[in-house]
Number of protein chains: 2
Amino acid sequence: MSPAKRANRRVTLQDVADRVGITAAACSMALRDSDRISPTTKEQVRAVAAELGYVGSSAARALRRQRAGAVALIVPTTSKHVFGHSYFMHVLSGVTSVANDHDTQVLIATNADEARGLTAYERVMRSHSADGAILTSAAIEDETVDRLLASGLPLVLIGNFPQLAAAITVSVDDRTASREATEHLIVVHGRRRLLHLTGPLDHQTGVDRRDGFHDAVAAHGLEEEAVSLEGDFSEEAGRQLVEGRADTFDGIVAANDDMAFGALTALRERGRDVPGEVALIGFDDFGLSRVTTPAISTVAVPAEEMAAVATERLLELIDGRAAGWTRRRMDVTFRFRASCGCDQKL
Amino acid sequence: MSPAKRANRRVTLQDVADRVGITAAACSMALRDSDRISPTTKEQVRAVAAELGYVGSSAARALRRQRAGAVALIVPTTSKHVFGHSYFMHVLSGVTSVANDHDTQVLIATNADEARGLTAYERVMRSHSADGAILTSAAIEDETVDRLLASGLPLVLIGNFPQLAAAITVSVDDRTASREATEHLIVVHGRRRLLHLTGPLDHQTGVDRRDGFHDAVAAHGLEEEAVSLEGDFSEEAGRQLVEGRADTFDGIVAANDDMAFGALTALRERGRDVPGEVALIGFDDFGLSRVTTPAISTVAVPAEEMAAVATERLLELIDGRAAGWTRRRMDVTFRFRASCGCDQKL
DNA sequence: TGGATAGGATTAATCGATGAAGCGGATGCG
DNA sequence: CGCATCCGCTTCATCGATTAATCCTATCCA
């Protein structure tokens, strides 16, 4: 253990300076590799800093530079039940990996408590605990998003927000993807009586995926027999919505995999064969759909990459490089597995 | 929008003070509800603060108070592949909910890059970006844990660390749980030829679960036919370890659910019936095991509660309330489902 | 030899909040 | 009536790093 650690007092820049025999200011410049400091001195400062285990105070730097060196990942409480764990984990993974590469901290902000009328994440932003934020899975009508946007703080949204013209977003084309998934059931598997289990319709994702479904049924003249029922992305909702009408449809398009799994359970309980009697396709591919039996066909959303791209852009914004793309679309990948009848293994 | 927002300049305590006609210091005291300030003034200050949307600078406060108001959740990179997403998510969930209740930020620290010989999370701690940390899934020989511990910074570990006498830990009794799970296959389902798929043996969890397995087979005189093979908690390892010997055993105890699922896949490919020919039990119950077919019997680890408890304790430590428990044991819950033959539904 | 120049450091101010110590005026008490 | 007391606020120093402005001292050239 170094003396500094034993003393258990934080090593400050002044300590390093004293040891080298120069000013704290000079040390600061030396460590930032300023050309106003002689190479010899720089070397000494670096050596002493390493020896003492000097690590600058983030608070002091943040205060002086007016820059926290951190980004926040915002999670609206409302999405706690709505969006699953795995989605968030993928996002977190993408954010941290990029942030790490840029010496930036990641902090998690939720609005669990709305003390003093400010959501926790507004507080995070206003207190400058973070220099910017990634916001995901927000409801369409969430006015805190507007406030955040209006406050001018760097913000990148993951998802589609057509009503927010000024927002910088990273998204997938839910509508087109959902249409294609539906058409797959129609064209490849010959299904005619289709059911769609929607996500929550106060989320754009829910709306878009539903619209895509209707686009497909309309294009193939199947409106008569098509039905869409509102769910909330939960497995339970998927199960309940299908329970009473397991025999009515020969194809189900779920707005996400959890609901697809719920539907699968309900169908199984009713003795309906999947994919024989009912073809099923989900959305997301965040983990669940691959491991069920039958494995659920789905539309893979590149959550981690979206988060990484969003974070890159956010760091640009924070650095004042505002110019750049505003709306970025990522590609989805179709994974046709057993539940629609494509993968016949097992 | 308030003027402050339009001006897009941060609202400082001084601004509030000017508006009220008093000193910033008085404002500070007023907002912290000091009894040295008159009720009238307090009221005014609060009103103005709300009006201007004042939120204190976290950096300034942190600098002055020598307290960041944040805790770090540390994730060793080495565990990236080892521990799954879902486990971490449960932990994060537990940490954030408690931290939120205490007005504390949560930041995620990984050691993705070891710039300048310091892991990223050592840097986080030394820079006082966080006042303390929760560390989970560390390897037995991870010397950064020792350094962190030696540095005297508040730290709570999740998991068993028998070699670290000074550490404060929250854990489950992996060995006993694993023994009981194994005995379940022996006693309830009459299995005699048992295989254990271990976790990585440089993690205490891997060792303990393996030892529990051996305790059970020894207690029932089944050592002759029992085998344990080293895995790494991955589905792929589970599959590979079972692939060559699917016919050799009638009971498999996997150190976690991912490996159990891998084993299940391998058995299925070989046409071995689960649970008929081979009874299978996993460990963790972080999501996967419930949704497979057959559903995998498992030992549920209360990850979220452990994280919550650890965070509560951490906040105590940070507040200087060092006295309290040092090693906390949480209970596991057995979930006997279809893969061991208990739950006959489908 | 003297004045200009540049390299290499120092001084001092600043970021925003906070807490100890100080201070003026009104009240209390003997 | 005069001194002590206390309320309510102000003053000032401080937390640690950073940066603009300044200053000192060789060195160089006319």
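Chain letters run A, B, ... following the sequence lines, proteins first, then strands; residues in each count from 1. Predicted model only: the values in this text are computed from it and were never measured.
Here B:Ser34 lies out of heavy-atom contact (under 4.0 Å) with every strand.
Taking the side chain as every heavy atom from C-beta outward, B:Leu135 and B:Ile158 never approach each other to under 4.5 Å.
Following rounding to the nearest Å, B:Met29 (CE) and D:dC7 (P) show an atom-to-atom distance of 13 Å. The distance between atom CZ of A:Arg32 and atom C1' of D:dT18, rounded to the nearest whole Å, is 8 Å. Regarding B:Asp18, its CG atom lies at a distance of 11 Å from the P atom of D:dT10, rounded to whole Å. Rounded to whole angstrom, the span from the CZ atom of B:Arg36 across to the P atom of C:dC23 amounts to 14 Å. Regarding B:Asp33, its CG atom lies at a distance of 15 Å from the C1' atom of D:dG8, rounded to whole Å. Here the C1' atom of nucleotide C:dG8 and the CD atom of A:Glu43 are 17 Å apart, to the nearest Å. For the pair A:Ile22 CD1 and C:dG7 C1', the interatomic distance rounds to 15 Å; values are reported in whole Å. Atom CD1 in A:Ile37 sits about 14 Å away from atom C1' in C:dA6, given to the nearest Å.
There is no side-chain donor-acceptor pair under 3.5 Å between A:Thr169 and A:Ser171. For the residue pair A:Thr12 / A:Tyr54, no side-chain donor-acceptor distance below 3.5 Å is found, with atom types taken as modelled.
Counting only residues at least two apart or on different chains, the side chain to side chain donor-acceptor pair (under 3.5 Å) pairs with a member in residues 22-34 of chain B are B:Asp33-B:Lys42.
B:Ser38 has no side-chain polar atom (N or O) that falls below the 4.0 Å cut-off from OP1 or OP2 of D:dC7.
Heavy atoms from other residues, nucleotides or ligands lying under 6.0 Å from CZ of B:Arg46 number more than 12.
For the side chain to side chain contact (heavy atoms under 4.5 Å, CB included) test with B:Val95, the passing option among B:Thr136, B:Asn100, B:Val106 is B:Val106; the others fail.
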- Item | Under 4.0 Å protein heavy-atom contact, by nucleotide of nucleotides 11-17 of chain C - B base, S sugar-phosphate only | BBBBBBB
